[in-house]
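Below, chains carry the letters A, B, ... as their sequence lines are ordered, and counting in each starts from 1. FYI, side chains are in, hydrogens and waters are out, and symmetry mates aren't considered; it's all heavy atoms of this structure.
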Amino acid sequence: MLLIACPWCGPRDEAEFHYGGQAHVAHPEDPAALSDEEWARYLFFRDNPKGLFAERWSHAAGCRRWFNAVRDTATNEIHAVYRAGEPRPVIT
Amino acid sequence: MTAESVAGSVAEFAIGRRSPAAAYAARFAAASAGGAIRLAEIPFLTHLNVRADPASPAAERIGAALGVPLPVEPGVVTEGGGLSVLWLGPDEWLVVGPDGAARELTERIRDAAAGEHVSVVDVSAQRTTLVVAGERARDVLAHGCALDLHPREFGPGRCAQTLLARTGVVLVAVEDGFHVLVRSSFAAYAAEWLLDASVEYRG
């Protein structure tokens, strides 16, 4: 089981969290101006890297806040957690 | 069924309240007889869910009106005057008070908010309070809770929303053990689980 450090509550079991997919997917400025393909890209197309991936998590069984984590999809190591609204940290 | 007996059973349901774990009182008492573990229910406490911006003047005024500041540090409980305020989230608290205090406390918080963006909801019926106390309390909870409950990490004055035996609970550390705030519909399950987990610790 993953041990995920909630930015508010500290390290907790993965079972307390919900996964929210890729982070930093911006809502289009003017959705009405988008073509069907562009809208579909916004809705359904996500990165699928092998390596570092910024993703959203919700501490559903704890403080119920959403936050972001940078996880290595190959090793499951979590390199950073940060609160919603904060920029993605640079990981070297 | 006669009309009279229907009226009789309606009256029976109308009288008094039954707490979610009331049916477990005798089994809790039997399990507590050895002294190493003490199980009990504290029924009908007042629970108010309060949401406000922690940096706002309203949050400060609410703290002053309650006589207990709203804790801003995660997992901290502030206490005073028979009330405790539990940190549930960065802008969310649970005010715990004695039975029957909901209306008066709600009004006090609402007055203190003075029109600012604040939410106060009476959630007293949402959860009941199970007491897990005694020297083996920590061992019992450790059967179903992944948190480090050692007093060095989770002593009196700390609280946490977490999972206990896969059930969402609010754990509160108190002087001689823990209060487990569990949803009413899960209270019977939690009571059964606690009774089962405590078998090996009964003196």
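Residue A/Ala15 touches chain B through both its backbone and its side chain, counting heavy-atom pairs closer than 4.5 Å. Contact annotation for B/Leu88: only backbone heavy atoms (N, CA, C, O) come within less than 4.5 Å of a heavy atom of chain A.
Around atom CZ of B/Phe154, more than 12 heavy atoms belonging to other residues, nucleotides or ligands sit under 6.0 Å away. A/Asp36 CG: 12 or fewer foreign heavy atoms inside a 6.0 Å radius.
Heavy atoms only, all atoms of each residue included: A/Cys63 and B/Gly89 are closest at CB-CA, 4.2 Å.
Residues from residues 49-56 of chain A never place a non-hydrogen atom less than 4.5 Å from a non-hydrogen atom of chain B.
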Could you list each donor and acceptor atom pair linking chain A to chain B at less than 3.5 Å?
unit_1  : atom_1 : unit_2   : atom_2 : d
A/Arg12 : NH1    : B/Gln161 : O      : 2.7
A/Glu16 : OE2    : B/Thr162 : OG1    : 2.4
A/Gly62 : O      : B/Gln161 : NE2    : 2.8
A/Arg64 : NH2    : B/Glu92  : OE1    : 3.1
A/Arg64 : NH2    : B/Glu92  : OE2    : 2.8
A/Arg65 : NH1    : B/Asp91  : OD1    : 2.5
A/Arg65 : NH2    : B/Glu92  : OE1    : 2.7

